Amino acid sequence: SSDCAYVYAAFPSSGISSSSCCSSSGITCDSSGYVTGISMSGKGLTGNLPSSLGSLSRLQTLSLASNSYSGNVPDAIGSISTLLDLDLSSNQLVGDITDALGKLSNLETLNLSGNDFVGSIPTWVGSLSNLQTLNLASNGFSGTITDSSSTFPSSLTSLDLASNSFSGSLPSAVGSITGLTT
């Protein structure tokens, strides 16, 4: 597949081959050579998150935690419909979370903690019907968390909103998420 060219474009200085990336550290591929996992946490990566990752049509896991990425999350990340786990924690990402992430309907884990995101929790979070873990801790989120059963999906088992600037109390709707354990 041409996936390795997209991975190379995303991480040009990481020593990953543009033609045979599947044997590279942190890259997982399926038997057809499509990239299904990227784990490039703590690699000292800088700049904006690479939009070329949006072309990886079979990517299930994207972990870019503990780097120095800055700027906004590109809308292209929202086009990876196969994505199950997205971890962009501990970077320097800013602004509102792009609504494009609301298209990631298969997402099970979303970790955006330890960044500089602002605004309120996006309404699309409630429509991620497979989401089990949501970590938005240590950002600049503000406003009130609305008391609506649609704010968070009923599939959640772990929710972390600590160290933000929310006002008001946690809504009772959170208590109706029966699987919530942490």
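Because the structure is a prediction, the values reported are computed rather than measured. One is the number of the first residue; the rest follow in order along the sequence.
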Q: Determine the sole option in I80, L59, L64, L62 for which the side-chain contact (heavy atoms from CB on, under 4.5 Å) test with L86 is passed.
A: L62
Q: Quick one: closest heavy-atom pair of S129 and P153, and the distance?
A: CA-CB, 4.4 Å
(Q) Within this structure, what is the CD1-OG distance for the pair I27 and S17, rounded to the nearest 0.5 Å? (A) 11.0 Å
Q) Do L84 and T61 come close enough that some side-chain heavy atom pair is under 4.5 Å? A) no
Q.
If we ignore hydrogens and angles and just use 3.5 Å, is the side chain of D160 paired with the main-chain N or O of A162 as donor and acceptor?
A. yes
**Q.** Any pair counted as side-chain hydrogen bond (donor to acceptor under 3.5 Å, both in side chains), so long as it reaches residues 65-75, sequence neighbours left out
**A.** D75-T98
Q. How close do S20 and S23 get, heavy atom to heavy atom, and via which atoms?
A. O-OG, 3.9 Å
Q) Do the non-hydrogen side-chain atoms of L131 and L156 ever get within less than 4.5 Å of each other? A) yes
Q. Any idea which heavy atoms bring Q92 and N115 closest together, and the distance?
A. N-OD1, 3.4 Å
Q) Quick one: are L112 and F141 in side-chain contact, heavy atoms under 4.5 Å? A) no
**Q.** Of I77, V73, N111, the residue whose pairing with L88 passes side-chain contact (heavy atoms from CB on, under 4.5 Å)
**A.** V73
Q | Pairs where residues 100-109 contributes a residue and the test side-chain hydrogen bond (donor to acceptor under 3.5 Å, both in side chains) is met, not counting sequence neighbours | A | D85-T109
Q) Do S14 and M40 have side-chain heavy atoms sitting under 4.5 Å apart? A) yes
**Q.** Distance-only side-chain donor-acceptor flag, S113 / S138, under 3.5 Å
**A.** no
Q) Is the backbone of R58 close enough, under 3.5 Å, to the side chain of T36 for a donor and an acceptor to pair up by distance? A) no
(Q) Please give me the minimum heavy-atom distance between W124 and D99, naming the atom from each residue. (A) NE1-OD1, 3.1 Å
Q: Without swapping roles, check the side chain of D116 against the backbone of V94 for a donor-acceptor pair under 3.5 Å.
A: no
Q: Please test L161 against F152 for side-chain contact (heavy atoms from CB on, under 4.5 Å), starting from the C-alpha separation and ending with a verdict.
A: CA-CA 12 Å; L161 303 174; F152 301 108; 3.9 Å; yes
Q. Between atom OG of S18 and atom CZ of F11, what is the distance when rounded to the nearest 0.5 Å?
A. 14.5 Å
**Q.** Beyond-backbone contact of Q60 with L83, side-chain heavy atoms, under 4.5 angstrom
**A.** no
Q) Of the non-hydrogen atoms in C4 and C22, which two are nearest, and what is the gap between them? A) SG-N, 4.1 Å
Q | Residues V125, L134; criterion side-chain contact (heavy atoms from CB on, under 4.5 Å); working and verdict | A | CA-CA 9 Å; V125 168; L134 177 62; 3.6 Å; yes
Q. C29 and C21: sulfurs closer than 2.5 Å?
A. no
Q.
As an exercise, state the distance from OG of S52 to OH of Y6, rounded to the nearest 0.5 Å.
A. 9.0 Å
Q: Would you mind reporting whether Q132 and L180 have side-chain heavy atoms less than 4.5 Å apart?
A: no
Q.
Using 0.5 Å steps for rounding, measure from the CG atom of N164 to the OG atom of S120.
A. 11.5 Å
Q: State, with a plain yes or no, whether a side-chain heavy atom of N135 is found less than 4.5 Å away from one of L110.
A: no
Q.
Are there over 12 heavy-atom neighbours, none belonging to F166, within less than 6.0 Å of that residue's CZ?
A. yes
Q. Can you pull the disulfide (SG to SG under 2.5 Å) pairs that have at least one residue in residues 34-118, sequence neighbours excluded?
A. none
Q) Any sub-3.5 Å donor-acceptor pair from S90's side-chain atoms to A65's backbone N or O? A) no
Q.
Ignoring hydrogens, what is the shortest heavy-atom contact between L53 and I38? Give both atom names and the distance.
A. CD2-CD1, 3.7 Å
(Q) Counting C-beta onward and ignoring hydrogens, is there a side-chain heavy-atom pair between L136 and I121 closer than 4.5 Å? (A) yes
Q) Between CG of L159 and OG1 of T133, what distance do you get to the nearest 0.5 Å? A) 10.0 Å
